[in-house]
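Keep in mind that this is a model prediction, so the values were computed, not measured. For reference, positions follow the sequence shown, starting with 1.
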Amino acid sequence: MPPYSDWMHLLALAALWGAVLSAAWIALDELRRPQHMMIMNFVWPLTALYLGPFAVWWYYGSGSKMTHEHHQAMQAEMRRRGIDPKKMKERRKQMPPVPEQAFVGATHCGSGCLLGDIVGEWLVFLLPLTFFAGEFGTRLFVTLLLAWVFGVVFQYFTIVPMRGLPVGKGIVEAMRADTLSILAFQAGMFGWMALNYYVFYPEPHLKPTQAVFWFEMQLAMALGLLTSAPVNHWLLRKGWKEKMPQQSGEQGQRMMDEMPPRAA
């Protein structure tokens, strides 16, 4: 007999289907309006797999400022005003990051954590693996390792195109940019996972074959996004991560208005 009620099972199914449909909705919209950064075409649907409909709302708010179409429009506006793109880029670096950029930055490691969690949880369950402080410790170790690997990959394909780095330098910069972010994200996740394992469902424990297991993991990843955002804000201020979106609402307009025209 499962350690939860029927209504909890139905709630979990609704949340999971809502997440899948939200991810599909975003992916279809990206076919029409692709993101300027290729990797974000994967990040937004993956984010929807744990934030569900909220990710769709977020995508239309922040993602709309990161489309290739929007980027081209901003480039055209700078040309119309005679703004030097290099000076604009330097100005962006000097501007303090806003919360929107910190949370968008957290979605990169969040996508890595999502993939690491899905792959890791199934590996530990199916093999089964128990080599690090029991079943729960093994789950934490495997998912953290895989999340870090996936997270660095996502960060690599963010930093390298924006900075024009060679492969080796890009890997080093991606590791520096995402390691702390991953640890902060996983700290939030692991806290909720521990509550599930030791408090909410102590015996029998939830299994990956149960919808409630993945619903609880959705909640864990949402908490991880919250714990990772402050770290991402710090990383953006240090210049270790790139600000996305580059222009954020009123901040972007103010940057454009403050930039002097390029000398003839």
Side-chain angles (χ1 to χ4, degrees), residues 2 4-35 37 39-67 99-122 139 143 146-147 150-151 154 181-182 184-197 200-201 206-230 232 244-245:
Y4 49 80
S5 60
D6 290 341
W7 70 263
M8 187 66 175
H9 176 68
L10 294 175
L11 176 63
L13 287 177
L16 294 175
W17 275 110
V20 170
L21 292 174
S22 296
W25 183 281
I26 292 174
L28 289 173
D29 190 73
E30 287 175 334
L31 293 176
R32 182 174 61 89
R33 301 185 305 159
Q35 297 281 288
M37 296 295 298
I39 195 64
M40 294 306 296
N41 290 305
F42 298 95
V43 169
W44 285 115
L46 288 172
T47 301
L49 288 180
Y50 63 92
L51 290 186
F54 177 79
V56 177
W57 171 82
W58 190 8
Y59 166 74
Y60 280 107
S62 294
S64 62
K65 290 177 279 190
M66 299 165 62
T67 63
E100 177 189 23
Q101 293 167 330
F103 277 98
V104 170
T107 61
H108 301 144
C109 66
S111 296
C113 290
L114 172 73
L115 293 177
D117 187 66
I118 292 173
V119 175
E121 291 289 358
W122 280 112
R139 288 172 57 196
T143 55
L146 291 174
F150 283 122
F154 275 92
S181 183
I182 288 287
F185 197 103
Q186 293 293 97
M189 280 189 62
F190 289 172
W192 190 258
M193 290 169 65
L195 286 174
N196 274 274
Y197 194 84
F200 301 152
Y201 309 100
L206 295 177
K207 301 297 182 185
T209 53
Q210 297 168 318
V212 175
F213 176 93
W214 293 108
F215 171 62
E216 294 290 355
M217 293 309 302
Q218 285 181 314
L219 298 177
M221 284 181 273
L223 182 59
L225 187 73
L226 293 176
T227 56
S228 179
N232 275 270
M244 298 177 68

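Across all non-hydrogen atoms, the minimal contact from V43 to H108 is CG2-CD2, 4.0 Å. The minimum heavy-atom distance between S228 and A106, with the atom names listed, is OG-CB, 3.9 Å. Across all their heavy atoms, C113 and F185 have their closest contact at SG-CD2, 3.4 Å. Closest heavy-atom contact between G116 and L146: CA-CB, 3.7 Å.
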Let me have the donor-acceptor pairs involving side chains of residues 208-215, under 3.5 Å, with sequence neighbours excluded, atom names and distances please.
{"residue": "Q210", "atom": "OE1", "partner": "K207", "partner atom": "N", "Å": "2.8"}
{"residue": "W214", "atom": "NE1", "partner": "P208", "partner atom": "O", "Å": "2.7"}

Going by atom type alone, with no hydrogens or angles, which donor-acceptor pairs under 3.5 Å involve a side-chain atom of residues 48-61 and a protein atom two or more places apart or on another chain?
{"residue": "W58", "atom": "NE1", "partner": "S62", "partner atom": "OG", "Å": "3.2"}
{"residue": "Y59", "atom": "OH", "partner": "D29", "partner atom": "OD2", "Å": "2.7"}
{"residue": "Y60", "atom": "OH", "partner": "W25", "partner atom": "NE1", "Å": "2.8"}

Quiz: residues 7-14 side-chain donor-acceptor pairs under 3.5 angstrom, not counting sequence neighbours:
{"residue": "W7", "atom": "NE1", "partner": "S5", "partner atom": "OG", "Å": "2.6"}

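Taking 4.5 Å as the limit, some side-chain heavy atom of M193 sits within range of a side-chain heavy atom of M217. Contact check for M189 versus M221: side-chain heavy atoms found under the 4.5 Å cut-off. With contacts defined as side-chain heavy-atom distances shorter than 4.5 Å, the pair T107/M244 does not qualify. S64 has its side chain within reach of R33: a pair of non-hydrogen atoms, C-beta onward, lies under 4.5 Å apart. In this structure, the side chains of F103 and N232 stay at 4.5 Å or more apart for every pair of heavy atoms. For the pair F190/T143, a side-chain contact is recorded, criterion being any heavy-atom separation below 4.5 Å from C-beta on. Counting only heavy atoms from C-beta outward, the side chains of E30 and P45 approach each other to under 4.5 Å.
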- Message: Checking F154 against L46 for the side-chain contact (heavy atoms from CB on, under 4.5 Å) test, could you report, in this order, the C-alpha distance in whole Å, the side-chain angles of both residues, the deciding distance, and whether it holds?
- Response: CA-CA 12 Å; F154 275 92; L46 288 172; 3.5 Å; yes

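Remark: T47 engages no residue in a side-chain hydrogen bond (donor to acceptor under 3.5 Å, both in side chains) (not counting sequence neighbours). Residues satisfying the side-chain hydrogen bond (donor to acceptor under 3.5 Å, both in side chains) test with Y201, not counting sequence neighbours, are E216.
With N41 contributing its side chain and P34 its backbone, the two residues share no donor-acceptor pair below 3.5 Å. The main-chain N or O of P245 is found under 3.5 Å from a side-chain atom of Q101 such that the two form a donor-acceptor pair. Of the possible donor and acceptor atoms, one in the side chain of T227 sits under 3.5 Å from a partner among the backbone N and O of A184.
To the nearest 0.5 Å, the span separating CD1 on I26 from CG on L31 amounts to 12.5 Å. Distance check, rounded to the nearest 0.5 Å: CZ of F150 to OG of S111 gives 11.5 Å. Note that the CG atom of L195 and the CG atom of L223 stand 9.0 Å from one another [nearest 0.5 Å]. Here the straight-line distance linking atom CE of M66 with atom CE of M40 works out to 3.5 Å at 0.5 Å rounding.
Listed by first then second residue, pairs satisfying salt bridge (Lys or Arg N to Asp or Glu O under 4.0 Å) with a partner in residues 102-122 read E121-R139, not counting sequence neighbours.
Within 6.0 Å of CZ in F42 there are 12 or fewer heavy atoms belonging to other residues, nucleotides or ligands.
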